[in-house]
Visitor: 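Questions regarding the structure given below will be posed in turn.
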Amino acid sequence: EVQLVESGGGSVQAGGSLSLSCAVSGSMYWMAWFRQAPGKEREGVAAIRRIASVTYYADTVKGRFTISQDNAKNTVYLQMNSLRPDDTAMYYCAGARSWDIRPLENQQYNYWGQGTQVTVSS
């Protein structure tokens, strides 16, 4: 059974940093982080193609967030810097075994973690 387990969420003041981790059991071609704020649609934040570590970012987080991976630990990370109140959301880790996907679209992913809350106060 495939499992994705997130950790590392929490509360921080604006301008601060948080790091999220997603431990994956099973192999995925793509891994991504999505977020969903109350009353809003789930949006893609960052994605990484496991082979060659090709990365994609939403415009709203470029230059502030970094997605990375540790293949030995089968873990994907999201380093979030310069956090803003509008980054507040539930953050989800997702995985896809298909290689030809649109990496920041949630419909492309078949496997999801349970989510971890990130709250940024002003």
Visitor: Closer than 3.5 angstrom, by distance alone: can the side chain of E6 be matched with the main-chain N or O of Q114 as a donor-acceptor pair?
Guide: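 Side chain of E6 to backbone of Q114: a pair is present.
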Visitor: Please report the shortest heavy-atom distance between L78 and A46, naming the atom on each side.
Guide: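 Looking at all heavy atoms of both residues, the closest pair is CD1-CB, 4.0 Å.
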Visitor: Counting only N and O atoms by type, is there a donor-acceptor contact under 3.5 Å from the side chain of D70 to the main-chain atoms of T75?
Guide: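 The answer is no, because no donor-acceptor pair under 3.5 Å joins these two groups.
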Visitor: What are the two closest heavy atoms between P103 and A32, and how far apart are they?
Guide: O-CB, 4.1 Å
Visitor: Would you say W99 and I48 are hydrophobically clustered, going by side-chain heavy atoms of ILVMFWY under 4.5 Å?
Guide: no
Visitor: Where is the tightest heavy-atom contact between C93 and M31, given as atom of each residue plus distance?
Guide: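 Closest pair (atom of C93, atom of M31, distance): SG-CE, 3.3 Å.
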Visitor: Without hydrogens or angle criteria, can the side chains of S98 and Q108 be said to hold a donor-acceptor pair below 3.5 Å?
Guide: no
Visitor: Using the rule that Ile, Leu, Val, Met, Phe, Trp and Tyr join whenever any side-chain heavy atoms are under 4.5 Å apart, tell me whether Y29 and V54 fall into a single cluster.
Guide: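 Same cluster.
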Visitor: Within the 4.5 Å heavy-atom criterion, are L20 and V118 side-chain neighbours or not?
Guide: yes
Visitor: Kindly give the heavy-atom pair with the smallest separation between R50 and N71, and that separation in Å.
Guide: NH2-OD1, 3.3 Å
Visitor: Quick one: does N74's side chain have a donor or acceptor within less than 3.5 Å of a partner on G26's backbone?
Guide: yes
Visitor: side-chain contact (heavy atoms from CB on, under 4.5 Å) between C22 and V24: does it pass, once the steps are laid out?
Guide: CA-CA 6 Å; C22 176; V24 184; 4.1 Å; yes
Visitor: I need the Q3 CD to Y111 OH distance, nearest 0.5 Å.
Guide: 12.5 Å
Visitor: Rounded to the nearest 0.5 Å, how far apart are CG of N110 and CH2 of W30?
Guide: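 Taking CG in N110 and CH2 in W30, the distance rounds to 14.0 Å.
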Visitor: Once rounded to the nearest 0.5 Å, what's the spacing between atom OG of S21 and atom CD of Q69?
Guide: 13.0 Å
Visitor: What distance do M80 atom CE and S17 atom OG have between them, rounded to the nearest 0.5 Å?
Guide: 8.5 Å
Visitor: Do Y57 and L104 come within less than 4.5 Å of each other through their side chains, counting heavy atoms only?
Guide: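 Heavy-atom side-chain distance check fails, nothing below 4.5 Å.
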Visitor: Grouping I, L, V, M, F, W and Y whenever their side-chain heavy atoms are under 4.5 Å apart, do I67 and V45 come out in a common cluster?
Guide: yes
Visitor: Without hydrogens or angle criteria, can the side chains of R35 and Y91 be said to hold a donor-acceptor pair below 3.5 Å?
Guide: yes
Visitor: Do the rings of F34 and W112 sit parallel, tilted or perpendicular, given the 30° and 60° boundaries?
Guide: tilted
Visitor: Can Y109 be reached from W33 by stepping across I, L, V, M, F, W or Y side chains whose heavy atoms are under 4.5 Å apart?
Guide: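 No; Y109 is not reachable from W33 via cluster members.
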Visitor: Report the distance from atom CZ of F65 to atom OG of S82, rounding to the nearest 0.5 Å.
Guide: 9.0 Å
Visitor: Counting only heavy atoms from other residues, nucleotides and ligands, does the tally under 6.0 Å from CD of Q13 exceed 12?
Guide: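 No, the 6.0 Å shell around CD holds no more than 12 heavy atoms from other groups.
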Visitor: Kindly compute the distance separating CE (M90) from NZ (K40), expressed to the nearest 0.5 Å.
Guide: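 So the CE of M90 and the NZ of K40 are separated by 15.5 Å.
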Visitor: Looking at every non-hydrogen atom in both residues, tell me the closest pair between P85 and S122 and how far apart they are.
Guide: CG-CB, 3.9 Å
Visitor: So, for G44 and A58, which heavy atoms are closest and what is the spacing to 0.1 Å?
Guide: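 The answer is O-CB, 3.3 Å.
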Visitor: For L18 and D87, run side-chain contact (heavy atoms from CB on, under 4.5 Å): C-alpha distance rounded to whole Å, both residues' side-chain angles, the deciding distance at 0.1 Å, then the answer.
Guide: CA-CA 11 Å; L18 282 173; D87 293 316; over 6 Å; no
Visitor: Do V5 and V2 sit in one hydrophobic cluster, given that two such residues count as connected whenever their side-chain heavy atoms are within less than 4.5 Å of each other, even indirectly?
Guide: no
